[in-house]
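Report on the structure given below.
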2 protein chains.
Amino acid sequence: MKKFLWKKFSITNDSRNNPIFFHKNPVERLGFLFYIIYICPMDEIIKHIQKFISLNNDEAEIVLSYFKTETFKKKQLLLQENQTCNKQYFIIKGCVRFYINNTKGIEQTLQFGIENWWITDYLSFQYQTPSHFNIQAIEKLETLSIDRTSFEELLERFPKLEKYFRLVIQKSFGASQVRIHYLFTMSAEERFHHMNNMFPEFIQRVPQYMLASYLDFSPEFMSKIRAGKV
Amino acid sequence: MKKFLWKKFSITNDSRNNPIFFHKNPVERLGFLFYIIYICPMDEIIKHIQKFISLNNDEAEIVLSYFKTETFKKKQLLLQENQTCNKQYFIIKGCVRFYINNTKGIEQTLQFGIENWWITDYLSFQYQTPSHFNIQAIEKLETLSIDRTSFEELLERFPKLEKYFRLVIQKSFGASQVRIHYLFTMSAEERFHHMNNMFPEFIQRVPQYMLASYLDFSPEFMSKIRAGKV
DNA sequence: TTGTTTTCTTGAAGTAGTTCAAGTTTTTTG
DNA sequence: CAAAAAACTTGAACTACTTCAAGAAAACAA
């Protein structure tokens with residue numbers, strides 16, 4: 001039901017220029033209001049922004065207009081190695097992995113992303129250089145995306161968003177440091193149990209072999225840990 | 001010689017209220033001008049900021065006034081585990097390591113910092129929570145430091161610095177991702193040679209055992225790699 | 001529902017690293 | 001400059017993981 005409405009009312013970049021969407025008469029906008037308040041998952045990004053900085057309703061609408069909804073099928077790539085990353089994605093629904101192909105041709109997961117997370121290769125996005133990374137949908141995925149140009153425009157129009165993005169990246173960076181900490185201080189088994197305790201629901205969502213590579217051991221070893229055979 | 005002058009003219013936070021320093025008469029300020037233009041390493045931070053955003057001379061002086069020069073002896077700690085990190089440091093001269101004590105009581109380096117780098121535990125600094133990390137001077141160290149409160153004030157006074165700090169952190173985050181990439185795809189020996197090729201001058205500056213832990217292998221193994229005995 | 005693909009399991013053999021302990025070299029300090 | 005401290009080296013024994021190969025189970029598509 002939710003999903004049906006979501007698709008039906010799906011708002012694209014063009015909404016920015018759609019007079020109905022921005023019409024001030026509340027009756028005429030009823031459908032959209034309902035959509036925005038009760039159903040629209042796009043609302044999540046506004047809530048997320050408002051956790052870090054203030055943003056009133058009018059601003060929120062304009063901010064939203066800079067984003068495009070983009071959906072991906074399971075296994076579809078959002079970014080491929082050697083391509084330049086020209087979008088930043090905010091995950092509305094679903095799950096992605098950020099991975100590389102190592103020298104033996106095995107895919108190694110560096111990061112996962114779930115609802116309300118930003119995902120992109122910041123270096124490639126910022127400096128428009130080819131990426132070393134792949135980003136792939138693990139589940140059917142709904143995102144809000146913004147390209148490099150719109151992103152610049154958005155930040156120029158709302159400089160206070162600089163603060164929002166600074167804080168978002170700061171958090172990601174912090175998480176990345178803590179991750180290295182865990183890789184360095186825990187044994188394979190400890191890393192698995194730690195992950196298991198911290199994110200019990202999450203580990204249900206991704207194939208074991210991806211989790212194994214994220215925790216930096218082989219899928220076979222994961223199997224043995226789970227079976228208590230180590 | 002340089003060092004002597006540096007010490008002699010060392011500018012502290014109090015400079016903000018020092019009428020001589022900000023006096024507009026160029027003759028009276030000659031010493032300081034000379035200092036600022038030819039000797040003052042504080043200038044480096046301004047140059048660094050100007051690489052990312054525009055900043056005129058008047059602004060630069062005010063920005064500088066928010067910082068304090070702080071020096072550390074070799075081995076001195078800038079931040080200790082379990083303390084809350086309440087400063088952000090910009091390194092003028094010297095070298096630091098960002099490390100943890102692992103479960104076996106061995107110190108494991110997660111990051112190095114050299115001239116023109118920012119170093120702090122961003123999570124602890126931002127959310128004022130106890131840090132998991134230590135930051136230590138590896139060489140005699142000169143920094144510019146800014147505390148949490150001054151940092152907030154600075155950003156409020158110059159909102160465009162939000163962009164600067166966003167870009168700085170973005171770069172650090174990118175570097176951290178690339179680092180994990182290397183850890184995952186290269187063997188110990190490859191990681192060493194890669195580091196050797198990329199930063200030949202840097203590896204001269206730090207003890208081998210710190211480098212070994214940064215590259216995630218034992219000091220003994222480093223020794224064997226270097227001797228070609230592996 | 002059935003066939004196909006993807007994911008997970010298991011044990012045996014192998015290896016890239018660690019750990020330990022003792023000695024040597026280099027750097028720092030008074 | 002000598003003494004002390006810190007950093008580096010070496011080889012032998014060990015181990016936490018990997019790799020391989022083959023089969024079982026689960027998920028997916030037609």
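Residue numbers begin at 1 in each chain, while the letters A, B, ... track the order of the sequences. Scope of the values below: all heavy atoms of this structure, side chains included, with no hydrogens, waters or symmetry mates. This structure is a prediction, so every number in the text was calculated from the model and none was measured.
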query = Contact class for A/F221 vs. all strands (heavy atom < 4.0 Å): base, sugar-phosphate, or nothing?
reply = base
query = Does a side chain donor of either B/N86 or B/Q128 reach within less than 3.5 Å of an acceptor in the other side chain?
reply = no
Should [X] and [Y] count as an ion pair when the cut-off is N to O under 4.0 Å?
{"X": "A/E220", "Y": "A/R226", "value": "no"}
{"X": "A/E115", "Y": "A/R205", "value": "yes"}
{"X": "B/K93", "Y": "B/E44", "value": "no"}

May I have the distance from [X] (atom [atom1]) to [N] (atom [atom2]), rounded to whole angstrom?
{"X": "B/I225", "N": "D/dT10", "atom1": "CD1", "atom2": "P", "result": "13 Å"}
{"X": "B/I203", "N": "D/dC8", "atom1": "CD1", "atom2": "P", "result": "11 Å"}
{"X": "B/K75", "N": "C/dT27", "atom1": "NZ", "atom2": "P", "result": "13 Å"}
{"X": "B/F217", "N": "C/dT19", "atom1": "CZ", "atom2": "P", "result": "14 Å"}
{"X": "B/M222", "N": "C/dG17", "atom1": "CE", "atom2": "P", "result": "13 Å"}
{"X": "B/E139", "N": "C/dT28", "atom1": "CD", "atom2": "C1'", "result": "15 Å"}
{"X": "A/L215", "N": "D/dC17", "atom1": "CG", "atom2": "P", "result": "12 Å"}
{"X": "B/Q204", "N": "D/dA7", "atom1": "CD", "atom2": "C1'", "result": "15 Å"}

Side chain of [X] - closest among [options]:
{"X": "A/K74", "options": "D/dC17, D/dT9, D/dC28", "value": "D/dC28"}
{"X": "A/S218", "options": "C/dC8, D/dT9, D/dT19", "value": "D/dT19"}
{"X": "A/Q208", "options": "C/dT9, D/dC17, C/dG17", "value": "C/dT9"}
{"X": "A/S223", "options": "C/dA21, D/dT18, C/dC8", "value": "C/dC8"}
{"X": "B/A188", "options": "C/dT10, D/dT10, C/dG17", "value": "C/dG17"}
{"X": "A/K224", "options": "D/dC17, C/dT28, D/dT19", "value": "D/dT19"}

request  = Find which nucleotide of DNA chain D each of B/E220 and A/R191 is nearest to by heavy atoms, and output the residue with the more 5' nucleotide.
outcome  = B/E220
message = Quick check: on DNA chain D, is the nucleotide nearest A/E189 upstream (toward 5') of the one nearest B/Y209, or the reverse? Name the residue that is more 5'.
response = B/Y209
request  = Drop me the distance from B/C85's SG to B/Q126's CD, to the nearest 0.5 angstrom.
outcome  = 11.0 Å
ask   = Name the stems that DNA chain C belongs to, where each is three or more consecutive Watson-Crick or G-U pairs with both distances under 3.5 Å?
value = C:1-30 with D:1-30
inquiry  = Just checking A/H132: does its NE2 atom have more than 12 heavy atoms from other residues, nucleotides or ligands closer to it than 6.0 angstrom?
reply    = no
task = Specify whether B/F151 and B/F125 have parallel, tilted or perpendicular ring planes, treating 30° as the upper limit for parallel and 60° as the lower limit for perpendicular.
result = perpendicular
